[in-house]
Amino acid sequence: MSEKYTAQLSEFMENVKAKNGHESEFLQAVEEVAEAIIPFIDENPKYQGSKLLERMVEPERVIMFRVPWLDDQGNTQVNRGYRVEFNSAIGPYKGGLRFHPSVNLSILKFLGFEQVFKNSLTTLPMGGGKGGSDFNPKGKSDNEVMKFCQSFMTELQRHIGPDTDVPAGDIGVGGREIGYMFGQYKRLRNEFTGVLTGKGITWGGSLIRPEATGYGTVYFAEEMFKTKNDSMRGKTVAVSGSGNVAQFAIEKILQLGGKVVTASDSSGYVYVPGGIHSDKLDFIKELKNVKRGRISEMADKYDDVEFFADERAWNAPCDIHVALPCATQNELNGEDAEKLLGKGLILVAEGANMPSTPEAIEVFHNAKIPFAPGKASNAGGVATSGLEMSQNSLRLSWTREEVDEKLHNIMKSIHEACETYGRDGDHIDYVKGANVAGFVKVADAMLDQGLV
Ligand code: NDP
Ligand code: 2IT
């Protein structure tokens with residue numbers, strides 16, 4: 001970045017910090033976007049003079065509310081609920097709900113801000129939003145989760161709707177939670193409608209939505225490989241996480257002939273030297289989705305699996321050609337990135353949102369390792385949510401094959417958009433490409449709609 005832009009960036013960030021000083025994740029997400037967009041605006045006068053970026057970093061609306069509920073012992077519990085309605089220039093607010101004890105406004109604003117650009121990249125008409133709660137579903141009974149979800153939706157329902165704001169899942173929110181929230185929305189509003197995505201197949205959900213984020217991330221990685229006349233086949237892959245995104249990323253890598261040697265959760269990672277095959281993947285799905293257990297239990301079950309407590313998958317004692325971080329934000333730092341370079345790394349695609357720290361991204365960038373930021377590579381999840389919304393409006397259901405093909409084509413077009421704005425000789429800067437491509441569509445819509 002030239003000196004001229006460095007000064008502009010630091011002036012811009014000073015103003016954002018003055019208003020959001022304690023929101024470190026949000027500032028991190030904004031700075032990454034601003035680095036790409038400030039030079040782009042400078043080169044494109046059409047986008048000057050209307051404070052587009054300044055408007056984009058300000059959510060259109062933030063809703064914060066009390067969520068009281070009774071636990072199984074009859075004790076009163078209180079959590080905090082949020083919905084950040086960030087930008088509706090190109091469609092109704094769309095984005096997931098996260099239930100995790102770490103949830104706060106900074107995390108939801110970073111996720112909502114990222115979602116605006118991601119949704120723009122999907123080619124579908126969706127604005128950006130995010131919400132959730134500091135509620136911890138771990139160790140809670142189904143009954144407690146239902147009570148919480150019903151109370152959360154009792155307030156949220158007055159702010160959302162199929163043409164206004166359409167939430168979905170994220171960390172801690174899967175099919176079970178979406179079911180309880182949909183049931184409560186329907187009861188309170190007396191409307192059976194596509195107000196949430198990630199619904200069950202028998203009540204308005206889309207085939208392939210559960211698979212979509214993981215599959216999409218791997219489709220995107222395969223497009224990255226294609227630009228190098230290479231493919232996932234025969235590559236050794238480190239995946240972090242063992243939830244929704246990780247499970248289906250692993251599944252698609254197996255289908256494409258890659259070898260996945262790790263999975264993880266917040267207590268550590270498992271190393272599987274012979275690779276995770278379908279039996280071990282089925283074990284992970286059952287463990288995480290039904291028993292809601294810990295990844296360490298995989299090492300108890302299999303002799304050829306080793307568990308490393310409190311360590312990250314990037315430490316795996318083997319070559320790693322591809323890194324797919326699929327757990328959470330800032331789970332791959334500069335030191336991890338250096339370690340990965342020493343293990344033969346050739347490609348990184350983010351399944352999670354902002355899992356790589358700015359230092360890690362710099363390491364990948366300097367080493368010219370193709371690096372896809374989550375807003376491009378994990379956009380298949382929300383894209384398929386968009387396809388669920390379309391099916392709900394049309395009152396019909398597409399087949400698995402139809403949805404999968406649409407998802408695949410969307411991932412290809414996101415890759416093309418990144419290439420259009422990010423190609424620099426032999427190298428593609430996916431961070432710049434994704435941010436600029438995402439920005440252009442939202443900015444054009446904002447210019448057309450005037451100062452609102
Ligand atoms: P899940 O709740 O299904 O799984 C989350 C996984 O990440 C679990 O293995 C969890 O371990 C681990 N994890 C969560 N928090 C931490 C932490 N603080 N430190 C270490 N590990 C952690 O969530 P998803 O798979 O849906 O989401 C994973 C990521 O993908 C998130 O960044 C999410 O925003 C992103 N994403 C999700 C999409 C979706 O469609 N679901 C779409 C696009 C992005 P543990 O069980 O120990 O908590
Ligand atoms: O981060 C994300 O894109 C999601 N959690 C999915 C959002 C959605 O609306 O499907």
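Order of appearance sets the numbers: ligands from 1, and atoms from 1 within every ligand.
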**Student:** Please verify the inter-ring angle class for Phe65 with Phe152; under 30° counts as parallel, over 60° as perpendicular, anything in between as tilted.
**Tutor:**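 Phe65 vs Phe152 ring planes: tilted.
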
**Student:** Ignoring hydrogens and angles, tell me if any N or O in the side chain of Trp314 forms a donor-acceptor pair with the backbone of Glu331 under 3.5 Å.
**Tutor:**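 Present.
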
**Student:** Under 6.0 Å between ring centres, would you say that holds for His365 and Phe371?
**Tutor:**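 No, they do not, as the ring centres are separated by 6.0 Å or more.
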
**Student:** Out of all atoms in ligand 2, which are within 4.0 Å of some heavy atom of Lys94? Include the element for each.
**Tutor:**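 Contacts of ligand 2 toward Lys94, numbered from 1: 8 (C), 9 (O).
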
**Student:** Other residues, nucleotides and ligands only: do more than 12 of their heavy atoms fall within 6.0 Å of CZ on Arg294?
**Tutor:**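 Buried by this count: over 12 neighbours within 6.0 Å.
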
**Student:** Go through ligand 2 atom by atom and flag the ones less than 4.0 Å from a non-hydrogen atom of Gly169.
**Tutor:**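 Heavy-atom distances to Gly169 below 4.0 Å select 4 (C), 5 (N), 6 (C).
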
**Student:** Taking non-hydrogen atoms only, is Arg209 closer than 4.0 angstrom to ligand 2 via side chain, backbone, both or neither?
**Tutor:**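 Under 4.0 Å from ligand 2, Arg209 contributes side-chain atoms alone.
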
**Student:** Under 3.5 Å between some N or O of ligand 2 and some N or O of Gln115?
**Tutor:**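 In this structure, Gln115 places an N or O atom under 3.5 Å from an N or O of ligand 2.
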
**Student:** Relative to ligand 2, is Asn353 under 4.0 angstrom through side chain, backbone, both or neither, heavy atoms considered?
**Tutor:**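 Under 4.0 Å from ligand 2, Asn353 contributes side-chain atoms alone.
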
**Student:** Can you list the ligand 2 atoms lying under 4.0 Å from a non-hydrogen atom of Ser385?
**Tutor:**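 Those atoms are 8 (C), 9 (O), 10 (O).
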
**Student:** Pull out every atom of ligand 2 sitting under 4.0 Å from any heavy atom of Gly95, numbered as shown with elements.
**Tutor:**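 Answer, ordered by atom number: 7 (C), 9 (O).
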
**Student:** Residues two or more places apart in sequence or in another chain: which of them pass side-chain contact (heavy atoms from CB on, under 4.5 Å) with Val103?
**Tutor:**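 Tyr82, Arg98, His100, Leu108.
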
**Student:** For Lys130, take its heavy atoms, then give the atoms of ligand 2 lying under 4.0 Å from any of them.
**Tutor:**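 Under 4.0 Å from Lys130, ligand 2 has these atoms: 1 (O), 2 (C), 4 (C), 5 (N).
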
**Student:** Is it possible for you to check whether Lys186 lies under 6.0 Å from the centre of the six-membered ring of Phe192, through NZ or CZ, and within 45° of that ring's axis?
**Tutor:**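 That pair does not qualify as a cation-pi contact.
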
**Student:** Using heavy atoms and a cut-off under 4.0 Å, could you grab the residues that are in contact with ligand 1, chain by chain, numbers ascending?
**Tutor:**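 The answer is Arg98, His100, Lys118, Lys138, Asp170, Ile171, Gly172, Arg209, Thr213, Gly241, Ser242, Gly243, Asn244, Val245, Ser264, Asp265, Ser266, Lys288, Arg294, Cys326, Ala327, Thr328, Gly351, Ala352, Asn353, Asn378, counting any residue whose heavy atom sits under 4.0 Å from ligand 1.
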
**Student:** For Lys118, take its heavy atoms, then give the atoms of ligand 2 lying under 4.0 Å from any of them.
**Tutor:**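 Those qualifying, in numeric order: 1 (O), 2 (C), 3 (O).
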
**Student:** May I ask you to identify the nearest protein heavy atom to atom 7 (C) of ligand 2, giving residue, atom name and distance to one decimal place in Å?
**Tutor:**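 Among all protein heavy atoms, the one nearest atom 7 (C) of ligand 2 is Gly96 N, 3.5 Å.
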
**Student:** Does an N or O anywhere in Ala168 fall below 3.5 Å from an N or O of ligand 2?
**Tutor:**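 Among all N and O atoms of Ala168, none is under 3.5 Å from an N or O of ligand 2.
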
**Student:** Excluding sequence neighbours, so at least two apart, what forms side-chain contact (heavy atoms from CB on, under 4.5 Å) with Ala434?
**Tutor:**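 So Ala434 forms a side-chain contact (heavy atoms from CB on, under 4.5 Å) with Leu121, Pro373, Lys375, Ala376, Cys418.
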
**Student:** If you draw the axis of the six-membered ring of Phe99, does the NZ or CZ of Lys140 fall within 45° of it and under 6.0 Å from the ring centre?
**Tutor:**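 No, cation not above the ring by the 6.0 Å, 45° rule.
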
**Student:** Does the side chain to side chain donor-acceptor pair (under 3.5 Å) test come out yes or no for Glu350 and Ser377, once each step is laid out?
**Tutor:** CA-CA 6 Å; Glu350 294 185 332; Ser377 45; 5.8 Å; no

**Student:** By ring pair (Phe, Tyr, Trp, His ring centres under 6.0 Å), which residues pair with Tyr271, not counting sequence neighbours?
**Tutor:**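 Listed in chain order: nothing, the list is empty.
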
**Student:** Answer yes if the side chains of Asn79 and Ser133 hold a donor-acceptor pair under 3.5 Å, and no otherwise.
**Tutor:**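 Side-chain D/A pair, Asn79 to Ser133: absent.
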
